[in-house]
Amino acid sequence: MSTVLVLNGPNLGRLGSREPEVYGDGSLADLEVLLRASAPEGVEIDLRQTDDEAELVHWLHEAVDTGRPVILNPAAFTHYSYALRDAAALVTKAGLLLIEVHISNPHSREEFRHTSVISGVATGVVAGFGFDSYGLALDYVTRAD
Ligand code: DQA
């Protein structure tokens, strides 16, 4: 593995100013810097964000076609996007790692956030540790892949 895709769903482009009491005050650019600094030598971080469900689905298809592991924060799509679930299943059924991550702990929040339609097809889930959720997922991916 030389590149890890770090894919982020809707509204995560607003990190830094979006509900800092929930998501902290770091931006997505800050997250990218942190992950690049913690990635082992030779491992590239390809971090992307979109508000568009179709684009996220296409990026998961790309992961399958290029054989890349995925760290995915599906954001609100977590809770209802069967299209994203089916695309995530393509990744793990191809034998690739797909780690679902959340900055907050959705289980300690509103009831609609307690359901993830993604978790059932993910390799694993890390939630509730702020940006460290991504770092923990990256650590696993780089050791296991
Ligand atoms: C989130 C949790 C989701 O419920 C929410 O819709 C998000 C962010 C998180 O990282 O904590 O946008 O995925």
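Computation of the quantities below employed the complete heavy-atom set of this structure, encompassing side-chain atoms and omitting hydrogens, waters and symmetry-equivalent molecules. Quick note: residue numbers are just sequence positions, from 1.
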message = Would you say that Leu60 contacts Leu90 through its side chain, given a criterion of any heavy-atom pair below 4.5 Å between the two side chains?
response = no
inquiry  = Atom CD of residue position Glu21 - does it have more than 12 heavy atoms of other residues, nucleotides or ligands inside 6.0 Å?
reply    = yes
task = Identify the residue among Leu12, Leu84, Asn8 that makes a side-chain contact (heavy atoms from CB on, under 4.5 Å) with Pro74.
result = Leu84
query = Is there a side-chain contact (heavy atoms from CB on, under 4.5 Å) between Trp59 and Leu5 once you walk through the steps?
reply = CA-CA 9 Å; Trp59 287 345; Leu5 284 172; 5.7 Å; no
query = To the nearest 0.5 Å, how far apart are NE2 in His114 and CG in Asn105?
reply = 8.0 Å
Pair up each side-chain donor or acceptor in residues 119-128 with any protein partner under 3.5 Å, not counting sequence neighbours, and list the distances.
unit_1	atom_1	unit_2	atom_2	d
Ser119	OG	Glu100	OE1	2.8
Ser119	OG	Ser116	OG	3.0
Thr123	OG1	Leu98	N	2.9
Thr123	OG1	Leu98	O	3.3

inquiry  = Check this for me: Tyr140, atom OH, are more than 12 non-hydrogen atoms of other residues, nucleotides or ligands nearer than 6.0 Å?
reply    = no
query = Hey, does the side chain of Asp30 reach the backbone of Ser27 with a donor-acceptor pair shorter than 3.5 angstrom?
reply = yes
inquiry  = In this structure, would Leu56 and Ile71 fall into the same cluster of hydrophobic residues linked by side-chain contacts under 4.5 Å?
reply    = no
Derivation and outcome, side-chain contact (heavy atoms from CB on, under 4.5 Å), residues Asn73 and Ile103 = CA-CA 8 Å; Asn73 186 341; Ile103 298 164; 4.1 Å; yes
task = Report the residues that fulfil side chain to side chain donor-acceptor pair (under 3.5 Å) with Ser104, sequence neighbours left out, ordered by chain and then residue number.
result = Arg109
Linked, directly or transitively: Val141 and Ile45 (ILVMFWY side chains, under 4.5 Å) = yes
request  = Inspect the surroundings of CZ in Phe112 and state if more than 12 heavy atoms from other residues, nucleotides or ligands are less than 6.0 Å away.
outcome  = yes
note = For Ile118 and Ala88, the nearest pair of non-hydrogen atoms, with its separation, is CG2-CB, 4.4 Å
key: Shortest non-hydrogen contact from Thr142 toward Pro40   = CG2-CD, 3.7 Å
ask   = Are Leu72 and Tyr134 co-members of a hydrophobic cluster defined by side-chain heavy atoms under 4.5 Å apart?
value = no
inquiry  = If I compare all heavy atoms of Ala63 with all of Val91, which pair ends up nearest, and what's the gap?
reply    = CB-CG2, 4.5 Å
ask   = What class does the angle between the rings of His79 and His102 fall in, given that below 30° is parallel, 30 to 60° is tilted and above 60° is perpendicular?
value = parallel
inquiry  = If I compare all heavy atoms of Val101 with all of Ser133, which pair ends up nearest, and what's the gap?
reply    = CG1-O, 3.7 Å
ask   = Would Val4 and Val43 count as a side-chain contact (heavy atoms from CB on, under 4.5 Å) if you check the C-alpha gap in whole Å, the side-chain angles of each, and the deciding distance to 0.1 Å?
value = CA-CA 7 Å; Val4 180; Val43 174; 3.9 Å; yes
message = Would you say Val22 ends up clustered with Leu15 if hydrophobic residues are merged whenever their side chains have heavy atoms under 4.5 Å apart, either directly or through other cluster members?
response = yes
key: pair Val117-Thr78: side-chain heavy atoms closer than 4.5 Å   = no
ask   = If you draw a 6.0 Å radius around CG in Asp25, do more than 12 non-hydrogen atoms from other residues or ligands fall strictly inside?
value = no
inquiry  = What verdict does the side-chain contact (heavy atoms from CB on, under 4.5 Å) test give for Glu44 and Ser2, after you've listed the backbone C-alpha separation in whole Å, the side-chain angles of each residue and the deciding distance to 0.1 Å?
reply    = CA-CA 6 Å; Glu44 297 293 322; Ser2 55; 5.6 Å; no
ask   = Between CG of Leu7 and CZ of Arg68, what distance do you get to the nearest 0.5 Å?
value = 11.0 Å
N-O pairing of Arg48 and Glu32 below 4.0 Å = no
message = Starting from Val6, can I reach Leu138 by hopping between I/L/V/M/F/W/Y residues whose side chains sit under 4.5 Å apart?
response = yes
inquiry  = The criterion is side chain to side chain donor-acceptor pair (under 3.5 Å); which residues satisfy it with Thr50, sequence neighbours excluded?
reply    = Glu55
CD/Glu110: more than 12 non-hydrogen atoms of other groups inside 6.0 Å = yes
message = Please verify the inter-ring angle class for Tyr80 with Phe77; under 30° counts as parallel, over 60° as perpendicular, anything in between as tilted.
response = perpendicular
remark   = Between Leu96 and Val64 the two heavy atoms that sit nearest each other are CD1-CA, 3.9 Å
key: Nearest atoms (heavy-atom pairs only) where Asn11 meets Asp51   = N-OD1, 3.0 Å
